[in-house]
Amino acid sequence: MKKYIIFFLVVLLSVMAFSFDLSFYNSFETLSMGEAFTGISDDVNAIYYNPAGLTNGKGFVFDLPNVSVNMSYGAGSAALKALTHISEIKSVLASTNTTYKVNYFLKNYEQDLLNTNRAVVKANGYIGYSARNFAFGISGLSQGYVKSFVSNDLIPFISLHAKAAAYVEGTGAVAFDISSVKFSLGGTYRYGYVMPDIYSIDDLSVLFVNSSTFEPDLTYEATSNADLGVKISKGSFALGGLWHNVMNSSTPDLRIGTGFITHNLTIGVDFEKLLDNRYSFFRRLHVGIRYVPFDLVRIYGGLSAGWLVGGAELRLGDLKVYGGTYVINAGFHAGYDYQRMYTVGFGL
């Protein structure tokens, strides 16, 4: 029965502790506008969606740090409940009555953690220089991921997976003008280390046989890759393309997008996975909007593979705080194999 206690503690406490390797970085801003950013690519998020967009003439750019916590509803509910009952949990753990401990955690947290739940912690920073015709910079990125599944069977089926990764990236771009049209080319090279199996538990029965299952596996692997981007812009309109994971020998991961960009209103439309026939049209489609009613406030909204997303950001001098919701899409068709996520964070 102690394994139940260990499991709930691991799920509740580890959600803040691990980082992992996404296909590429997804920021609050881009996720909240449906990841429709390939054509827009007008800030540091261009590193990941279209590095050609870095040539926007903003001078020295310091984006340090940006930290966000992202959770599905069940994981977020359980974590919030645990954080607001720390004293109570300490009292329960101090008890020598094992049955009491088990009943406490099952009664208070099992319903929150039923079915699939995810938690992600992200941190990144960027230092660079951007001019009208060239840009360069260096960035750091780490991400954290925990995924768990708990069934409501008589004996719960539990799976738990955690991964970690950290990268250093170098990026650059050049641009030239022909008449009133601007052509930009850019690239990002990333090198990092990934821990793919910190926790990898697929069956509850393993816990009763080997309690060392919960000992983390910190074996890491070196990895590197690159992205290439192009952007064509005229006035407020832009067209962009990204070849993601250039060094990957599998089917090229191509993405295109278009954007309408003004100070107060920005609209983008993207299509991803262009050469992968497994994806349906609406699964590829991403639509987003960014509205700036005041310099202190930014509002985001969008459609990501058939699901509505959105958020808001408040800028107070050098500090920005934000919150919103987005969707992790794992399937090949819009509206299937997804997880609704909620995020809060801050940056400088």
> Is it true that, when you exclude D318 itself, more than 12 heavy atoms of the residues, nucleotides or ligands shown sit nearer than 6.0 Å to its CG?
no
> Given side chains that start at C-beta, do those of T116 and K147 come closer than 4.5 Å, heavy atoms only?
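Yes, their side chains come closer than 4.5 Å.
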> Using a 4.5 Å cut-off on heavy atoms from C-beta on, say whether the side chain of R290 contacts that of I40.
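SC-SC contact between I40 and R290 confirmed.
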> Would you find more than 12 non-hydrogen atoms of other residues, nucleotides or ligands less than 6.0 Å from F62 atom CZ?
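Yes, the 6.0 Å shell around CZ holds more than 12 heavy atoms from other groups.
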> Classify the ring geometry between F237 and F260 as parallel (under 30°), tilted (30 to 60°) or perpendicular (over 60°).
tilted
> Would you say that F294 contacts V292 through its side chain, given a criterion of any heavy-atom pair below 4.5 Å between the two side chains?
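No, their side chains stay 4.5 Å or more apart.
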> Can you tell me how the ring of Y220 sits relative to the ring of Y193, calling it parallel under 30°, perpendicular over 60° and tilted otherwise?
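Ring orientation of Y220 relative to Y193: perpendicular.
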> Indicate whether the side chain of E35 and that of Y49 have a donor and an acceptor atom separated by less than 3.5 Å.
yes
> With no hydrogens and no angle check, is any side-chain donor or acceptor of T84 less than 3.5 Å from a backbone partner on K81?
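Yes, because the side chain of T84 sits within donor-acceptor range (under 3.5 Å) of the backbone of K81.
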> Could you tell me if the side chain of S72 sits less than 4.5 Å from the side chain of R340, heavy atoms only?
no
> Would a hydrophobic clustering, with Ile, Leu, Val, Met, Phe, Trp and Tyr connected at side-chain separations under 4.5 Å, put V174 with F136?
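V174 does not cluster with F136.
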> Determine whether the aromatic ring centres of F271 and F281 lie less than 6.0 Å apart.
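Distance test on ring centres: under 6.0 Å, yes.
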> Are F332 and L254 connected in a single hydrophobic cluster, I mean Ile/Leu/Val/Met/Phe/Trp/Tyr linked by side-chain heavy atoms less than 4.5 Å apart?
no
> For F37 and Y48, what are the C-alpha separation, side-chain angles and deciding distance, and is it a ring pair (Phe, Tyr, Trp, His ring centres under 6.0 Å)?
CA-CA 10 Å; F37 204 73; Y48 308 99; over 10 Å; no
> Quick one: does any side-chain atom of T258 pair with a main-chain N or O of V269 as donor and acceptor, under 3.5 Å?
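The answer is no, because no donor-acceptor pair under 3.5 Å joins these two groups.
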> Any non-hydrogen side-chain atom of K273 less than 4.5 Å from a side-chain atom of D253?
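Yes, at least one pair of side-chain atoms sits under 4.5 Å.
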> Do we see a donor-acceptor contact under 3.5 Å between the side chains of N225 and Y191?
no
> What's the verdict on side chain to side chain contact (heavy atoms under 4.5 Å, CB included) for L303 and H286, showing C-alpha distance, side-chain angles and the deciding distance?
CA-CA 6 Å; L303 184 72; H286 300 265; over 6 Å; no
> Check whether any side-chain N or O of T266 sits under 3.5 Å from a backbone N or O of I289 as a donor-acceptor pair, and report yes or no.
no
> Please examine the side chains of V181 and I232, heavy atoms only from C-beta on, and report whether any two atoms are closer than 4.5 Å.
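Heavy-atom side-chain distance check passes, below 4.5 Å.
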> Is the closest basic N to carboxylate O distance between R132 and D177 below 4.0 Å?
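Yes, R132 and D177 are salt-bridged.
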> My understanding is that only one of N133, N56, T55 makes a side-chain hydrogen bond (donor to acceptor under 3.5 Å, both in side chains) with S184; could you say which?
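For S184, the side-chain hydrogen bond (donor to acceptor under 3.5 Å, both in side chains) test succeeds with only one of N133, N56, T55, which is T55.
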> Using distance alone, with no hydrogens and no angle criterion, decide if N66 and S68 have a side-chain donor and acceptor under 3.5 Å apart.
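Note: N66 and S68 side chains miss the donor-acceptor criterion.
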> Above 12 or not: heavy atoms from other molecules or residues under 6.0 Å from NZ of K234?
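12 or below, so no.
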> For the aromatic rings, using the six-membered ring if either is Trp, is the centroid distance between Y300 and Y322 under 6.0 Å?
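No: the rings miss the under 6.0 Å criterion.
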> Would you say the side-chain atoms of S77 pair up with the backbone N or O of Y73, donor to acceptor, closer than 3.5 Å?
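Checking the backbone N and O of Y73 against the side chain of S77, no donor-acceptor pair under 3.5 Å is found.
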> I would like to know whether D227 and R190 meet salt bridge (charged side-chain N to carboxylate O under 4.0 Å, His left out); could you show each step before the answer?
CA-CA 9 Å; D227 299 336; R190 60 181 57 90; 3.1 Å; yes
> Donor-acceptor pair, distance only, cut-off 3.5 Å: does the side chain of R283 make one with the backbone of N329?
yes
> Can you tell me if N50 uses its side chain to pair, donor with acceptor, with the backbone of T38 under 3.5 Å?
yes
> Verify the distance criterion only: is there a donor paired with an acceptor across the side chains of Y145 and R118 at less than 3.5 Å?
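Yes.
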> Determine whether the side chains of N264 and T262 contain a donor N or O and an acceptor N or O closer than 3.5 Å.
no
> Under the salt bridge (charged side-chain N to carboxylate O under 4.0 Å, His left out) rule, what do D295 and R315 come out as? Steps first, then yes or no, please.
CA-CA 8 Å; D295 288 339; R315 299 198 169 191; over 6 Å; no
> Shared ILVMFWY cluster between L242 and V230, side chains joined below 4.5 angstrom?
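Cluster IDs for L242 and V230 differ.
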> Is there a side-chain contact between I328 and Y338 in this structure, where contact means two heavy atoms from C-beta onward sitting under 4.5 Å apart?
no
> Say whether V321 and L296 are linked into one hydrophobic cluster, either directly or through other cluster members, by side-chain heavy-atom distances under 4.5 angstrom.
yes
> Spell out, yes or no, whether L64 and Y129 are grouped together once hydrophobic residues are joined by side-chain heavy atoms under 4.5 Å, including indirect joins.
yes
> Cut-off 3.5 Å, side chains only: do E272 and Y279 have a donor facing an acceptor?
no
> Taking atom NZ as the centre, does K182 end up with more than 12 heavy-atom neighbours from other residues, nucleotides or ligands that are less than 6.0 angstrom away?
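Count over threshold, so yes.
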